[in-house]
Structure formats: structure tokens, C-alpha cells
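Here the structure comes first, spelled out in C-alpha cells, and everything after it is commentary.
All values derive from a computational prediction rather than experimental measurement.
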Amino acid sequence: MPGMSQTTPADHGDINSGRPAPATKAFVAHRNLLFTVAYEMLGSAADAEDVLQETWLRWAGVDLDTVQDQRAYLVRIATRQSLDRLRTLGRRKETYVGPWLPEPLLTAPDVADDIELADSVSMAMLLVLETLTPVERAVFVLREVFDLEYDEIAEAVDKSLAAVRQLAYRARSHVAARRPREMVSAAETRDALAAFQRAVETGELQSLLDILAPDVVFLGDGGGLAQAALVPIVGADAVADLLSAALGNLTTRSAQPAFVNGHPALILRLDGEIDAVVAARIDDGLITGIYSVRNPQKLSRLQHETALHR
């Protein structure tokens, strides 16, 4: 990474024994957890990896004899680094071209088995988390997803215990008012996306249009690097017109079902190359949100599965 030491945990083993040093062993053991914390805080895998690098650099200098709970200590470092980066990301998003969507991750199907984890990394939930303040987001993620105790969270975000409890209450209320109204099974999501897949591959749109909610919202993220709607498209008629125009002009596009962010999604390919990822939000059996990520800088993680862990 430019401007940052390329020191990695692998560089800090016990040279004489060939075994990893205690600091390295602890970091590697919790690496997937730390990545998941950072990703849920930031919605960006690239920035989450930077947070891991920064966390390791700080962890490598810690006197382990003073650390009672290595997991909690590492989470605290990662949270503070994520908060710093989240504030920078906020400024970056102010100049982002068009709607901003989280960076999609290709995940193993078994991530969906952990319902709370899968829900917390879904496109719909990550967009809800975007509406929280940085500290509210940190408190919500650490408490509701990773079940940390309030005193641990207070240390991580450098707030009093009373303040953290108030932040947690406010964040829960905010999220509850905006998250999907009910848990949707993977089968329901697959059925909805199957209609989208048929539309992509055959041009037959009616089965897709039949399940669009009247207030459906389409968000397309091209980041100024790929063609996408520059504003949210709202309403079944407007979204239908957009899809008809977009799909009608493409004859060499294919759609591949995949698990993205713990939920069924579609990876769209154009002339064999990944062109977009499409995810959907389902409420009461209808599609209320369609999320299409086309920014090529956000599609690199779709070549291999990313491990997420609580």
C-alpha cells in the first residue's frame, strides 16, 4: 500500500523455531473477525483490508503481557481505525459520482446459515447502516452483530458507558425503522432473482415486472467509471422503463446466480467479463430495492470467496 509499511504477520515469526510469534498467532486467529468488523463499519473491502494492515502494525508493538483479552483488544484497535477511516470515507462519498453502494463480496453459501451475520452484511442492511453516525454505527455493529459487552464497546469507541447505552438505543431504533420488515428466506430471494435472470437472458420482462413493488427503488453504482443511473430511480413504472431500455440493448449478457454478502444475488457478465452484481431487497413477497454495482473498482472481490466470521 502506498505510504504504508508492507510488514505482515508472516514477517514476525519465531526465526529459530519456525513457529509464528504469539502476536502473529493471535492476529491470524482473529483476522476474519477483524475483517468482518471493519467491512460492516465501512462497506468497503479495500478499506477493510487497509484497516487490517493498520491494526496489525499497532498490534505488533503491543506488550502482550499487559493484554487480558486479545480478541477484545484487537477489536478495539480495528474499531478505532475503522472510525478514523469512516470519517474519511464520508468526505470521499460527498464527491462520489451517482449513488454509492457497498462493495459486494462473494461469500460461501454457509454464511447464510448464520442468519444474523448474513442479515448484517446484506446490501439492504449496509445501506441502512450508512444512515447512522460513525459512532452509532460502531456501537450498533459491535453490540448487535458481535455481541460485545457495553464496557468493551465503551473502550473501543472512547465513550462513557452511559453514552454507549444511549447510542445503542438510538441506533437500534433508527435501524428498526428502516430495515426490511421481515426476514426473507433465501428461496424467496432466489425466486425473485430468477425472474431477473430470465429477463437478462431472454428479454422476457413481464415476470420481473409482476413482482416489483409500487415504490421499488433502483440504485445503480457506476462510480463515474461505468454507465449507471446518476440518481435513484423510484417507482415500478420508472424502474420498468429503465430495465426495459437497459436489457433491451444487450444481447451478449449472461447472469450467474451466486451468494453475495450472504444472500442470493446475480453476477452479470458481458462478453464473459464481470459487468455488474445485482442484489435485491424483498418485502412482503415484492422487490422493494434493486442494487446494481457496476463500478469496476468494486468488482474485484467476486473472483474468490471472502471469509466472514463473528
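- Salt bridge Arg87/Glu94: absent, no basic N to carboxylate O contact under 4.0 Å.
- Side-chain N or O atoms of Arg137 include one that pairs as donor or acceptor with a backbone N or O of Met41 at under 3.5 Å.
- For the pair Gln70 and Trp59, the minimum side-chain heavy-atom distance is below 4.5 Å.
- Here the shortest heavy-atom pairing between Ile287 and Ile290 reads CG2-CG1, 3.6 Å.
- Shortest non-hydrogen contact noted between Leu34 and Phe27 is CD1-CE1, 4.0 Å.
- Evaluated for a side-chain contact (heavy atoms from CB on, under 4.5 Å) with Val239, the options Leu208, Asp215, Ile233 yield exactly one hit, Ile233.
- A cation-pi arrangement is found for Arg143 relative to Tyr150, the charged atom lying closer than 6.0 Å to the ring centre and inside a 45° cone about the ring normal.
- Of all non-hydrogen atoms in Thr55 and Ala78, the two that sit nearest each other are OG1-CA, 3.5 Å.
- Judged by distance alone, the side chain of Arg80 and the main-chain N or O of Ala156 form a donor-acceptor pair under 3.5 Å.
- Counting heavy atoms from C-beta outward, Tyr291 and Leu126 have side chains that stay 4.5 Å or more apart.
- Side-chain contact between Tyr39 and Pro102 is present, with heavy atoms from C-beta onward closer than 4.5 Å.
- Tyr96 and Asn295 are linked by a side-chain donor-acceptor pair at a separation below 3.5 angstrom, with hydrogens and angles left out of the test.
- Both the sub-6.0 Å distance and the 45° axial angle are satisfied by Arg76 relative to the ring of Tyr73.
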Glu201 vs Arg269, salt bridge (charged side-chain N to carboxylate O under 4.0 Å, His left out): CA-CA, chis, key distance, verdict:
CA-CA 11 Å; Glu201 297 182 339; Arg269 296 179 183 271; over 6 Å; no
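- A donor-acceptor pair shorter than 3.5 Å cannot be found between the side chains of His174 and Arg170.
- Contact detail for Met125 and Ser120: the closest heavy-atom pair is CG-O, 3.6 Å.
- Around the CD1 atom of Ile115, the shell of radius 6.0 Å holds no more than 12 heavy atoms that belong to other residues, nucleotides or ligands.
- Counted within 6.0 Å of CD on Glu188, heavy atoms from surrounding residues, nucleotides or ligands total more than 12; the atom is thus considered enclosed.
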